[in-house]
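Here is the structure we will look at.
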Number of protein chains: 2
Amino acid sequence: MTPRRREPLSRDRVVASALALVELHGVEALSMRKLAAELGVEAMSLYNHVANKDDVLDAIAEVVFADVALPPPTADWRVDARALADAFRAAALAHPRTASLSLARQLGYPAVPVTEAALDVLARAGFDPEQAVHASRTLLAYVIGTLLREIGSGPPDETREPALVATGLPRVAEAARHLAVCHHEAEYRFGLDLVLDALALRAVGAAGGPSAR
Amino acid sequence: MTPRRREPLSRDRVVASALALVELHGVEALSMRKLAAELGVEAMSLYNHVANKDDVLDAIAEVVFADVALPPPTADWRVDARALADAFRAAALAHPRTASLSLARQLGYPAVPVTEAALDVLARAGFDPEQAVHASRTLLAYVIGTLLREIGSGPPDETREPALVATGLPRVAEAARHLAVCHHEAEYRFGLDLVLDALALRAVGAAGGPSAR
DNA sequence: ACCTGAACACCGTTCAAGT
DNA sequence: ACCTGAACACCGTTCAAGT
């Protein structure tokens, strides 16, 4: 019978509990009623702290990217760009089951510091503010697309390679061995290097004069 | 009282109806009961043709990319790569409200022809089969990431720019005018050019000898 | 101010029964 | 073989009532 036999409910407690439930059982298993039960309360009490279920889902998405551990800048913008992309990826992979929420919804205001860091890196690479916005969007689109593939891909599946060969499509059959598997880390790194190379080229062009083309 | 007063139910009719409902009212509004009503049948009848609701959602995702209008090859692989990316984007944008289904789930077997076309383009660019797989995954990740941003972004919002300035973050404030808006078509093209440039560079390297680096 | 009981209008899915 | 009625075990959310 301590004075705080039960923590008072709060928006933060509701959201934290919801994130935990999603991480444990997946988004589709989250219900307002189970969330309330988890918090030792009736479902209707939640509505004093969140607007509705969608509000809860938005809040979960925001928490994920509020967690991005921004790397300290170095002298090499390429190193910094890579570190920032890695940090973003790490934050998403820390909560894989929230991916469909955090990646599909528009990145909210808690993600603004990530944008600041990206624009800073790209400014140091030589982009003017407008080009830096475009470049950062390209980089982020690549990273998010890669994460979506990684998080959505199931466990290894031995039937994939023979199925690909059986399509009879020549290029697919020829590459079936490589298409059947996906080493996510290496795949991410391959494309990231590629995008960074391209950004480096544009940055040099931009430094040579405004609106190079 | 014509003999076919009512078309017989079939998996294809169920899926087509589901796609139409999603396109009209969104994924969250799709229920087995409403789907059945749309088909003039009781909800339980659907289970003679589909395994469950998830099966329906998977089937919708497959239909979207079965529709990709593969462009005929030309003499210029760069033109072809762009045309293929454009065709993929067009297919996704033709059913924007299914995006969370079609882009987040693993691309199914109906999308294999797209992979064949991509690998063919990249082979003609000079990539060996393994490198072509990596390159195609990079390209697709970029396109999908861009689509997710495009489809997830709401209508223009006048409050965004002042909110960005108000963060006090210097790069964000400086670029607020450009961050506040997003011309999706132009943004997509910017990054696509960038990725294609980078692929062109790798292709040359690969043509110079196996495993350049 | 915050919590709750009861209720409303829904869900997906199973199963035994119909034709 | 295909369709259905009734039922089960759930949903999100509202509202008036409690403390």
Side-chain angles (χ1 to χ4, degrees), chain A residues 1-63 97-98 100-102 104-105, chain B residues 1-63 97-98 100-102 104-105:
Chain A
M1 299 288 184
T2 70
R4 44 154 181 65
R5 213 190 91 245
R6 187 204 276 174
E7 303 263 333
L9 222 45
S10 70
R11 186 184 163 87
D12 282 355
R13 283 215 326 129
V14 170
V15 173
S17 213
L19 174 58
L21 275 184
V22 168
E23 216 40 80
L24 218 50
H25 303 113
V27 206
E28 63 289 337
L30 180 69
S31 77
M32 296 299 272
R33 292 164 118 112
K34 283 189 209 146
L35 179 52
E38 183 76 13
L39 290 160
V41 104
E42 298 301 314
M44 317 75 202
S45 308
L46 300 176
Y47 291 86
N48 288 305
H49 300 94
V50 295
N52 50 36
K53 189 177 179 178
D54 222 56
D55 187 23
V56 175
L57 297 179
D58 279 331
I60 290 176
E62 296 202 337
V63 166
R97 308 194 75 165
T98 68
S100 63
L101 301 175
S102 56
R105 299 180 177 228
Chain B
M1 297 288 184
T2 70
R4 44 155 182 62
R5 213 192 89 245
R6 186 206 274 175
E7 304 261 335
L9 221 48
S10 71
R11 182 174 222 271
D12 282 354
R13 286 220 318 133
V14 171
V15 173
S17 212
L19 175 58
L21 275 184
V22 169
E23 216 39 80
L24 218 51
H25 303 113
V27 207
E28 63 292 335
L30 179 70
S31 78
M32 296 299 272
R33 291 164 119 113
K34 282 188 209 147
L35 179 51
E38 184 77 10
L39 289 159
V41 101
E42 297 300 316
M44 316 76 204
S45 309
L46 299 176
Y47 290 86
N48 289 304
H49 300 96
V50 297
N52 49 38
K53 188 175 179 180
D54 223 56
D55 188 22
V56 175
L57 297 180
D58 278 332
I60 290 176
E62 296 202 338
V63 166
R97 307 193 75 164
T98 70
S100 63
L101 301 175
S102 57
R105 296 178 181 232

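Just so we're on the same page: letters track the sequence lines, and every chain starts at 1.
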Checklist outcome for this item: To the nearest 0.5 Å, atom NE2 of B/H25 lies from atom CG of B/L30 at 11.0 Å
Checklist entry - What pairs meet the salt bridge (Lys or Arg N to Asp or Glu O under 4.0 Å) rule with one or both residues in residues 22-37 of chain A, with sequence neighbours excluded? => result none
Next on the checklist: Please give me the minimum heavy-atom distance between B/V50 and B/M32, naming the atom from each residue.
Outcome noted: CG2-CE, 4.1 Å
Item to check | Contacts of type side chain to side chain contact (heavy atoms under 4.5 Å, CB included), residue A/A51, not counting sequence neighbours | outcome: A/D55
Using a cutoff of under 3.5 Å, can you pull out all pairs of nitrogen or oxygen atoms linking the protein to nucleotides 9-13 of chain D, with atom names and distances?
{"unit_1": "D/dC11", "atom_1": "OP1", "unit_2": "A/S31", "atom_2": "OG", "d": "3.3"}
{"unit_1": "D/dC11", "atom_1": "OP1", "unit_2": "A/K34", "atom_2": "NZ", "d": "3.4"}
{"unit_1": "D/dG12", "atom_1": "OP1", "unit_2": "A/M32", "atom_2": "N", "d": "3.0"}
{"unit_1": "D/dG12", "atom_1": "OP1", "unit_2": "A/K53", "atom_2": "NZ", "d": "3.2"}
{"unit_1": "D/dG12", "atom_1": "OP2", "unit_2": "A/M32", "atom_2": "N", "d": "2.9"}
{"unit_1": "D/dG12", "atom_1": "OP2", "unit_2": "A/R33", "atom_2": "N", "d": "3.4"}
{"unit_1": "D/dG12", "atom_1": "N7", "unit_2": "A/R33", "atom_2": "NH1", "d": "2.4"}
{"unit_1": "D/dG12", "atom_1": "O6", "unit_2": "A/R33", "atom_2": "NH1", "d": "2.8"}
{"unit_1": "D/dT13", "atom_1": "OP2", "unit_2": "A/Y47", "atom_2": "OH", "d": "2.7"}
{"unit_1": "D/dT13", "atom_1": "OP2", "unit_2": "A/K53", "atom_2": "N", "d": "2.9"}
{"unit_1": "D/dT13", "atom_1": "O5'", "unit_2": "A/Y47", "atom_2": "OH", "d": "3.4"}

Checklist entry - Taking the C1' atom of each, how far is D/dA9 from C/dC10, in whole Å? => result 13 Å
Item to check | side chain to side chain contact (heavy atoms under 4.5 Å, CB included) involving B/A36 - partner list, sequence neighbours excluded | outcome: B/V41, B/A43, B/L46
Next on the checklist: Strictly by salt bridge (Lys or Arg N to Asp or Glu O under 4.0 Å), give each pair with a member in residues 41-54 of chain A just once, sequence neighbours left out.
Outcome noted: A/D54-A/R105
Checklist entry - Mind checking what makes side chain to side chain contact (heavy atoms under 4.5 Å, CB included) contact with B/S17, not counting sequence neighbours? => result B/L35, B/E38, B/L39
Checklist entry - With sequence neighbours excluded, what pairs up with A/D12 under the salt bridge (Lys or Arg N to Asp or Glu O under 4.0 Å) test? => result none
Checklist outcome for this item: Closest non-hydrogen atoms of A/S100 and A/A104, given as atom of the first, atom of the second and distance, are O-CB, 3.1 Å
Checklist entry - OP1 or OP2 of C/dC2 sitting under 4.0 Å from any side-chain N/O of A/S45? => result no
Checklist outcome for this item: In whole angstroms, the gap separating C1' of D/dA1 from CG of B/L9 amounts to 13 Å
Next on the checklist: Without decimals, in angstroms, what is the distance between A/N48 CG and C/dC2 C1'?
Outcome noted: 5 Å
Checklist entry - Do B/I60 and B/V22 come within less than 4.5 Å of each other through their side chains, counting heavy atoms only? => result yes
Checklist entry - What's the shortest heavy-atom distance between A/A59 and A/R11, and which atoms? => result CB-NH2, 3.7 Å
Checklist outcome for this item: Whole-Å distance, B/R13 CZ to D/dC2 C1', equals 14 Å
Shorter than 3.5 Å, N or O on both sides, protein versus nucleotides 17-19 of chain C: list them out with atom names.
none

Checklist entry - Under a 3.5 Å cutoff on both atom distances, Watson-Crick or G-U, what's the dot-bracket for DNA chain D ([ ] crossing, | other strand)? => result ||.|||||...|||||.||
